[in-house]
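I have placed the structure first, in the form of structure tokens, so that the comments after it can refer back to it.
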Amino acid sequence: MAEGSKSVNLASLSLEQLAEVIKQLNTELEYLSSSYAQLGRAHVKFLGCLNSIKETVKAENEERDMLVPLTTSLYVPGKLKLGNRKVLIDIGTGYFVEKSAPDAIEYYQRKCEYLQNSIENIGSAVEAKSSQIRAVQSVMQQKATDQNMKSAPASA
């Protein structure tokens, strides 16, 4: 459990309390799932950047005709000049840094590794949260069955 969390005996909770616990766990699961998806998208983006740099800086691409994006839907023709093999990389929030191609490749590899580790950690948390939900549902089902068994002889 997370630091500051308390362990609760589920059997001691009422059905209403168990329903609230499930509601809270589902909220946490939705948040974790959303984070998992966002990290996955970022990972794919960085892998794309990594592959683009690796492919672009090849010597055979010198003077190659290409389309240069000015906006997301406007491109102009251009020629690739590799010169000193420097690239501008987006480091976030609108900031760009000039790096050599090998340094840029190393940067994106580190980012990809970090994101992959984060994805794995959140994936484990999603599995744990799902397991907790199943445990609470099981206790709820058992309590509901017990309640029905107790009330059935009284109504007969």
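Keep in mind that the numbers below use all heavy atoms, side chains included, and drop hydrogens, waters and symmetry copies.
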Could you tell me which non-hydrogen atom of [X] sits nearest to which non-hydrogen atom of [Y], and how far apart they are?
| X | Y | answer |
| --- | --- | --- |
| E55 | N61 | O-ND2, 2.6 Å |
| L50 | I105 | CD1-O, 3.5 Å |
| A104 | V87 | CB-CG2, 3.5 Å |
| A101 | V57 | CB-CG1, 3.6 Å |
| L29 | S130 | CD1-OG, 3.8 Å |
| G94 | D90 | N-OD1, 4.5 Å |

Could you state the interatomic distance from [atom1] ([X]) to [atom2] ([Y]), rounded to the nearest 0.5 Å?
| X | Y | atom1 | atom2 | result |
| --- | --- | --- | --- | --- |
| Q147 | S14 | CD | OG | 9.0 Å |
| Q17 | I22 | CD | CD1 | 13.0 Å |
| T145 | K143 | OG1 | NZ | 12.0 Å |
| Q116 | L47 | CD | CG | 8.5 Å |
| I119 | S35 | CD1 | OG | 11.0 Å |
| E20 | L25 | CD | CG | 11.0 Å |

| message | Do L67 and V76 have side chains that approach each other closer than 4.5 Å (heavy atoms only, starting at C-beta)? | response | no
| task | Determine whether K99 and K86 make a side-chain contact, defined as any pair of heavy atoms from C-beta on separated by less than 4.5 Å. | result | no
| said: Test side-chain contact (heavy atoms from CB on, under 4.5 Å) on Y75 and L70; report intermediate values, then the result. | reply: CA-CA 6 Å; Y75 296 83; L70 294 181; over 6 Å; no
| task | With sequence neighbours left out, write down each residue that passes side-chain hydrogen bond (donor to acceptor under 3.5 Å, both in side chains) with E127, or none if nothing qualifies. | result | none
| query | Okay, side chain of K79, backbone of E62: is any donor-acceptor separation there less than 3.5 Å? | reply | no
| query | Any donor-acceptor pair under 3.5 Å linking the side chain of S12 with the backbone of N9? | reply | yes
| request: Can you establish whether the number of heavy atoms outside K45 located under 6.0 Å from its atom NZ is more than 12? | output: no
| query | How about F96: does its CZ atom have over 12 heavy atoms from other parts shown lying under 6.0 Å from it? | reply | yes
| task | Report the C-alpha separation of Y108 and N51 in whole Å, then their side-chain angles, then the decisive distance to 0.1 Å, and conclude whether the side-chain contact (heavy atoms from CB on, under 4.5 Å) test is met. | result | CA-CA 9 Å; Y108 282 120; N51 290 332; over 6 Å; no
| note | By ring-ring contact (aromatic ring centres under 6.0 Å, His included), Y36 pairs with (sequence neighbours left out) none
| request: Please step through side chain to side chain donor-acceptor pair (under 3.5 Å) for the pair Q137 and Q141, ending with a clear verdict. | output: CA-CA 6 Å; Q137 287 172 332; Q141 187 176 15; over 6 Å; no
| said: With salt bridge (Lys or Arg N to Asp or Glu O under 4.0 Å) as the rule and sequence neighbours excluded, what pairs involving residues 102-118 come up? | reply: E106-R110
| Side-chain heavy atoms under 4.5 angstrom apart, residues restricted to Ile, Leu, Val, Met, Phe, Trp, Tyr: same cluster for Y114 and V44? | no
| query | Are L15 and I133 connected, step by step, through hydrophobic side chains (Ile, Leu, Val, Met, Phe, Trp, Tyr) whose heavy atoms are closer than 4.5 Å? | reply | yes
| said: Would S34 and E30 count as a side-chain contact (heavy atoms from CB on, under 4.5 Å) here? Give the steps. | reply: CA-CA 6 Å; S34 173; E30 286 175 24; over 6 Å; no
| task | Verify side-chain contact (heavy atoms from CB on, under 4.5 Å) between L88 and V97, making sure each step is shown before the conclusion. | result | CA-CA 5 Å; L88 284 177; V97 174; over 6 Å; no
